[in-house]
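Because only heavy atoms are used, hydrogens play no part in the values below, and waters and symmetry mates are left out as well, while side chains stay in. Model, not experiment: these values are computed from the prediction.
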Amino acid sequence: MKKVLVVDDEQSIVTLLQYNLEQSGYEVMTASDGEEGKNLAIAEKPDLIILDLMLPKLDGIEVCKILRQDRIMTPILMLTAKDDEFDKILGLELGADDYMTKPFSPREVTARVKAILRRTQANPEPVSEEEEKAEKIVLGELKILPEYYEAYFKGELLECTPKEFELLLYLAQHKGRVLTRDQLLSAVWNYDFAGDSRIVDVHISHLREKIEKNTKKPEYIKTIRGLGYKLEEPKGE
């Protein structure tokens, strides 16, 4: 049974989410402030965290930042009562995987949770040579194993959030093709994210930090000015 941690200081929202998630077959833990939420996330290792932005003690942004700095890559769905673009982008820059604005329907939250967890299925064991014979994509020193939801660079496992992996995989599956931000939003996020293409830029930036020698002169993920991005194999590889 998948375990979901709900961190929100509004008891009515916690009760609503807990009931609907449990009805959908999830085990649910709850916390009413950021400090408690952070501690539970570290100790209990949930499969997904629903994290409110405005919390006592530590706000959601700070909790997200601490977890990612500690290399805890548990998927995070952030909630906020403010329809504020700055908060949304900041949360995603710090490693949140998805974002919802209150008020929301419990069914929509459950759908988002299911979608995120579908994208985070991974094989926790080391991948054997036989397993590596399964589908893989290799470009230069970058290797992607879609079946295991893993990507390697120079033989080292990349610590990617689910959305980063989805974006990298989609770019690799369309190697050499220019993909617009709207195409990437539609393909990777699977729904209209308020038409905010900066979300794509944020994730591209994170990926470049993981695989590029020089992020200002990328060899893998190229910016096509006025159009979008494309992934290609570095010259000389």
As an exercise, state the distance from [atom1] of [X] to [atom2] of [Y], rounded to the nearest 0.5 Å.
X      : Y      : atom1 : atom2 : value
Glu44  : Thr74  : CD    : OG1   : 11.5 Å
Glu166 : Leu171 : CD    : CG    : 11.5 Å
Glu36  : Met29  : CD    : CE    : 10.5 Å
Gln18  : Ile50  : CD    : CD1   : 11.0 Å
Met100 : Ser105 : CE    : OG    : 6.5 Å
Ile199 : Leu167 : CD1   : CG    : 12.0 Å

By salt bridge (charged side-chain N to carboxylate O under 4.0 Å, His left out), Asp201 pairs with (sequence neighbours left out) Arg181
For the residue pair [X] and [Y], what are the closest heavy atoms and their distance?
X      : Y      : value
Phe153 : Leu158 : CB-CD2, 3.7 Å
Val63  : Gly34  : CG2-O, 3.5 Å
Ser32  : Leu55  : O-CD2, 4.5 Å
Pro46  : Ala41  : CD-O, 3.6 Å
Leu5   : Gly37  : CD2-O, 3.5 Å
Lys114 : Ser24  : CE-CB, 4.4 Å

Side-chain heavy atoms of [X] within contact of [Y], under 4.5 Å:
X      : Y      : value
Ile13  : Leu16  : no
His203 : Leu184 : no
Ile72  : Lys45  : no
Leu17  : Val4   : no
Ile76  : Arg68  : yes
Leu58  : Asp33  : no
Tyr220 : Leu231 : yes
Asn20  : Arg107 : no

Heavy atoms from other residues, nucleotides or ligands near [atom1] of [X] exceed 12 (cutoff 6.0 Å):
X      : atom1 : value
Glu209 : CD    : yes
Lys65  : NZ    : no
Phe104 : CZ    : yes

> Backbone N or O of Glu219 within a donor-acceptor pair of the Glu212 side chain at under 3.5 Å?
Replying inline: yes
- prompt: Would you say Glu159's side chain and Met73's backbone share a donor-acceptor pair under 3.5 angstrom?
  reply: no
Using the six-membered ring of Tyr152, assess whether NZ or CZ of Lys143 lies under 6.0 Å from its centre and within 45 degrees of the ring axis. yes
- NZ/NE/NH1/NH2 to OD/OE distance under 4.0 Å, Lys38 and Asp70: no
Note: with side-chain heavy atoms under 4.5 Å as the link, the other cluster members for Leu227 come out as Val178, Ile224
Please answer: with hydrophobic residues joined when any side-chain heavy atoms are less than 4.5 Å apart, are Leu157 and Val138 in the same cluster?
no
(Q) I'd like to know whether Leu67 forms a side-chain contact (heavy atoms from CB on, under 4.5 Å) with Ile49, so could you lay out the CA-CA distance, the side-chain angles of the two residues, the decisive distance to 0.1 Å, and finally the verdict. (A) CA-CA 11 Å; Leu67 294 178; Ile49 302 168; 3.8 Å; yes
Of Lys175, Arg177, Lys222, the one forming a salt bridge (Lys or Arg N to Asp or Glu O under 4.0 Å) with Glu232 is Lys222
The test is side-chain contact (heavy atoms from CB on, under 4.5 Å); show your working for Glu10 and Leu79 and say whether it passes. CA-CA 12 Å; Glu10 293 184 57; Leu79 304 177; over 6 Å; no
| request: Determine, stepwise, if the pair Glu164 / Lys210 fulfils side-chain contact (heavy atoms from CB on, under 4.5 Å). | output: CA-CA 10 Å; Glu164 289 168 1; Lys210 300 175 195 296; 3.0 Å; yes
* To do: Using the side-chain contact (heavy atoms from CB on, under 4.5 Å) rule, take Leu77 and Val109 through it: C-alpha gap first, then chi angles, then the decisive distance, then the call.
  => CA-CA 9 Å; Leu77 169 60; Val109 175; 4.3 Å; yes
